[in-house]
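Take a look at the structure set out below.
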Protein chains: 2
Amino acid sequence: MRPRGSTKGEQTRQAILGHALGLATTVGFEGLTIGRLAEELGMSKSGLIGHFRTKEALQVQVLEAASQRFVEEVIRPALKTPRGEPRLRALFAAFFTWESSPSLPGGCPFIAAASELDDRPGPVRDALVGILRDWFDLLAGTVRIAIDEGHFRADVDPAQFAHDVYGVMLAYHHGSRLFQDPHARARAEAAFEALLRNARREPATPLSPR
Amino acid sequence: MRPRGSTKGEQTRQAILGHALGLATTVGFEGLTIGRLAEELGMSKSGLIGHFRTKEALQVQVLEAASQRFVEEVIRPALKTPRGEPRLRALFAAFFTWESSPSLPGGCPFIAAASELDDRPGPVRDALVGILRDWFDLLAGTVRIAIDEGHFRADVDPAQFAHDVYGVMLAYHHGSRLFQDPHARARAEAAFEALLRNARREPATPLSPR
DNA sequence: CCTACCGATCGGTAGG
DNA sequence: CCTACCGATCGGTAGG
């Protein structure tokens with residue numbers, strides 16, 4: 001077991017991970033080179049990689065550090081809100097705070113990494129999939145609670161709802177970053193409200209024969 | 001003007017672009033190196049890059065070639081279907097054929113490239129944004145026709161609808177590739193049907209006082 | 001944590 | 001279209 005206290009080495013390691021996380025959101029996990037990281041942090045390449053042994057281990061630890069921050073900044077605060085729909089709203093809102101954090105210039109690191117890693121099997125991809133699965137399960141679980149609380153209809157599919165919310169977040173990421181669409185946030189809110197409305201009201205009843 | 005007939009050089013150029021497109025879907029546009037491309041095609045690096053002068057020009061032309069294929073394989077067939085909702089369904093269905101084409105092992109090249117390029121201003125990104133804008137406009141225009149035809153309510157927002165459909169496609173790409181979710185296609189269909197249902201039926205009327 | 005170094009690969013050019 | 005080559009950078013190691 002490697003000690004993870006507040007030793008000098010551990011502080012340096014955390015500083016590297018924090019900087020690497022922000023860099024990864026803009027240049028990707030492959031673009032996260034040891035040389036560039038070392039230069040920006042004012043250390044030598046060997047001094048830097050000595051904390052992680054390999055670039056792959058660095059990448060995994062960057063994802064783990066990001067996951068810890070996500071839990072602290074997005075999930076934990078939302079869990080303080082009332083169960084069910086209010087909590088779902090809190091999680092959704094917290095995502096935008098996270099996505100626009102100044103320390104994540106390229107936005108959500110998990111979304112930024114997804115397309116890059118989906119074709120590259122290995123520990124880095126596995127770490128990302130695990131993090132996103134946990135996020136999915138949390139969303140679906142929150143929807144299930146909303147059903148139990150009577151906020152949503154009993155026949156709402158929690159996994160489908162989580163998938164739909166995820167799609168809204170992805171579209172926001174693309175809209176705000178690639179297209180630089182000033183209405184991206186409003187579009188995401190409108191899509192989310194439509195999802196809530198569908199989950200709340202009675203099942204569709206055809207208004208006219210087809 | 002460079003001739004683009006069926007000369008020997010032009011044939012070689014097209015062969016390079018076709019192979020590069022498939023490769024880019026898995027390794028990304030940065031991972032598309034001249035050396036690897038040359039080796040896989042059995043040519044020298046200089047012989048290959050001579051057709052394009054720079055890697056950036058190659059990347060732009062790969063995107064242009066992909067766009068041409070997208071028009072031929074997705075848009076043109078869908079335009080033969082009846083206007084309005086049927087055409088919207090045809091565009092949606094054709095996207096999945098495109099996304100799972102054997103010559104695009106990593107799926108839709110535009111989605112694959114989006115996260116990679118959103119932080120890198122330049123001609124390659126500009127080309128991608130142009131292609132995706134056209135796609136958006138086509139979707140929104142098709143929705144507008146569906147309103148005119150009376151398939152959808154008059155107060156449906158075409159741009160919002162296009163955004164929502166785009167989100168469903170993004171979620172499908174992630175679900176099927178990163179998560180390898182066997183239900184990804186079914187989830188996408190369910191999400192799309194819900195969008196159509198919302199566009200078809202009367203505006204929400206609260207069923208109970210809040 | 002450093003300097004010094006390794007082989008491999010990068011995009012691209014010179015010259016033919 | 002080729003061979004031969006350029007300087008830069010890659011991840012990583014040896015040795016301290």
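Please read all numbers here as calculations on a predicted model, not as lab measurements. Only heavy atoms go into these numbers, but all of them, side chains included; no hydrogens, no water, no symmetry mates. Chain letters run A, B, ... following the sequence lines, proteins first and then strands; every chain starts at 1.
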[X] and [Y] ion-paired at < 4.0 Å:
X	Y	result
E40(A)	R36(A)	yes
D157(B)	R187(A)	yes
R89(A)	E189(A)	no
R200(B)	E85(B)	yes

Whole angstrom is fine here: how far is it from [atom1] in [X] over to [atom2] in [N]?
X	N	atom1	atom2	answer
E39(A)	dA8(D)	CD	P	14 Å
R36(B)	dG11(C)	CZ	C1'	17 Å
L58(B)	dC10(C)	CG	C1'	14 Å
M43(B)	dT3(D)	CE	P	11 Å
I16(B)	dC1(D)	CD1	P	7 Å
E30(A)	dT9(D)	CD	P	18 Å

Pairs counted only when both distances fall under 3.5 Å, Watson-Crick or G-U: show me the 5' to 3' dot-bracket for DNA chain C, [ ] for pseudoknotted crossings and | for other-strand partners.
||||||||||||||||
For DNA chain C, determine which residues of residues 18-28 of chain A have any heavy atom closer than 4.0 angstrom to one of its atoms, and list them numerically.
none
For the ring-ring contact (aromatic ring centres under 6.0 Å, His included) test, which of F92(A), W98(A), F70(A), Y166(A) pairs with W135(A)?
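Passing option: F70(A).
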Using a heavy-atom cut-off of 4.0 Å across all strands, would you classify T33(B) as base, sugar-phosphate, or nothing?
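Counting heavy atoms under 4.0 Å across all strands, the contact made by T33(B) is with sugar-phosphate only.
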Donor on one side chain, acceptor on other, E72(B) and Q68(B), under 3.5 Å:
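Note: E72(B) and Q68(B) side chains miss the donor-acceptor criterion.
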Report, one pair per line, the protein and nucleotides 12-15 of chain C atoms (nitrogen or oxygen only) whose separation is under 3.5 Å.
residue, atom, partner, partner atom, Å
dG12(C), OP2, K55(B), N, 2.6
dG12(C), O6, K45(B), NZ, 3.4

Within less than 4.0 Å of OP1 or OP2 of dC1(D), is there a side-chain N or O belonging to S44(B)?
no
So does H173(B) get a backbone contact from the side chain of E99(B), meaning a donor-acceptor N/O pair under 3.5 Å?
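No, E99(B) side chain to H173(B) backbone: no donor-acceptor pair under 3.5 Å.
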